[in-house]
Amino acid sequence: MQIESDFFLQDTELVAKKLIGHYLCRETDEGLLSGIIVETEAYLSTNDPACHASRGKTRRNATMFGPPGRAYVYFIYGNYYCFNVVTGPVGSGEAVLIRAVQPVEGKKLMIKRRGNKYSEKNLTSGPGKLCQAFAIDKHFDGHHLRDKPLYLLSNDGTAEIGTVKSTPRIGLSVAKDKLLRFIAEGNEYLSR
DNA sequence: GTTAAGATCTGCT
DNA sequence: GCAGATCTTAACG
């Protein structure tokens, strides 16, 4: 099912929590890829120094200040991309980082895109990995996530995700204490 | 123009 | 479990 247009206007923490169990879909020339979102993190505009938007608008984070429901993709550590969904009204500068998905369709293609080196559990269990597996790069920055070839679908009841739990965020040097990471508890495809 | 740090991953020990 | 790879971005001179 398609996501309601005002879904991303809710509180960012709530959106991050509710996105667990939603589907991420990617259409490529070689076939359809899809997965169930099992791990997210919320990045807030207020009282959150770990958020890229916390020091004002820059060229990199401009998309975060734009309309909600779009992709914010950025390059990190010289090798990897991170994929976020912009939330909140225009100008708020908040987003949800998609950290891990459970592969559903196109596993074979994901394995190929990851270099034919890894098993199913090591394809999309981290922000850099899932961008590689789903062929998400910088040109999707600003892309509307209801449009092909990269879009989100709400959980129609087929995705079984169990209990959603909140934990501290991963990989930060500041604001590590905040419980803004959300996971499908016990899922085998989490980043850790 | 120059530099330090980063929402990570992989390979080796 | 830990350090290295690797380069863009943003802050500073």
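Each chain gets a letter, A, B and so on, in the order the sequences are listed, and its residues count up from 1. Fair warning: this is a prediction, and the values are worked out from it, not measured in the lab.
With no hydrogens or angles considered, a side-chain donor-acceptor pair links A/Glu120 and A/Tyr189 at under 3.5 Å.
The phosphate of B/dA4 has neither OP1 nor OP2 within less than 4.0 Å of any side-chain N or O from A/Tyr77. Put simply, A/Lys138 has a side-chain N or O that comes within less than 4.0 Å of OP1 or OP2 on C/dT9. Contact annotation: A/Arg60 does not reach the phosphate of C/dC7 (side-chain N/O to OP1 or OP2, under 4.0 Å). Close to B/dA7, at under 4.0 Å from its OP1 or OP2, lies no side-chain N or O of A/Arg181. Contact between the side-chain N/O atoms of A/Ser173 and the OP1/OP2 oxygens of B/dG6 is found at a separation under 4.0 Å.
The CD-C1' distance, from A/Glu39 to B/dA7, rounds to 11 Å in whole Å. Spacing between atom CZ of A/Arg114 and atom C1' of B/dG11 amounts to 13 Å, rounded to whole angstrom units. Note: OH (A/Tyr74) to C1' (B/dA5) measures 13 Å, nearest angstrom. One can place CZ of A/Phe83 at 16 Å from P of B/dT8, the figure rounded to the nearest angstrom. Straight-line distance from the OH atom of A/Tyr80 to the C1' atom of C/dG4: 11 Å, rounded to whole Å. Rounded to an integer number of Å, the gap from A/Ile170 CD1 to B/dG6 P is 16 Å. One interatomic measurement links the two molecules: CZ of A/Arg192 to C1' of B/dT10, which rounds to 13 Å at whole-angstrom precision. Look at CE on A/Met64: it is 12 Å from P on C/dA10, rounded to the nearest Å.
Relative to the side chain of A/Asn84, the nucleotides B/dA7, C/dT6, B/dG11 differ in distance, and B/dA7 lies closest. Nearest to the side chain of A/Arg59, among C/dA5, B/dC9, C/dA10, sits C/dA10. Listed nucleotides C/dT8, B/dG11, B/dC9 differ in distance to A/Lys117; the shortest reach to its side chain belongs to B/dG11.
In A/Lys129, the NZ atom is crowded: over 12 heavy atoms of neighbouring residues, nucleotides or ligands sit closer than 6.0 Å.
Residue A/Ile76 is the one, among A/Arg55 and A/Ile76, whose nearest nucleotide of DNA chain C lies closer to the 5' end (criterion: closest heavy atom).
When heavy atoms are screened at a 4.0 angstrom cut-off, A/Tyr118 is found touching the sugar-phosphate backbone but no base atom. When heavy atoms are screened at a 4.0 angstrom cut-off, A/Lys176 is found touching no nucleic acid atom at all. Counting any heavy atom pair closer than 4.0 Å across all strands shown, A/Arg99 reaches sugar-phosphate atoms only and no base atom.
Proximity of A/Glu13 to A/Leu179: side-chain heavy atoms (C-beta onward) are nowhere separated by under 4.5 Å. The shortest distance between side-chain heavy atoms of A/Cys51 and A/Met64 falls below 4.5 Å.
Pairing for C/dG4 is with B/dC9, a Watson-Crick or G-U wobble pair whose two hydrogen-bonding atom distances lie under 3.5 Å.
Using a 4.0 Å cut-off between charged side-chain N and carboxylate O, A/Lys112 and A/Glu30 make a salt bridge.
Not one N or O on the side chain of A/Arg99 forms a donor-acceptor pair closer than 3.5 Å with the backbone of A/Val38.
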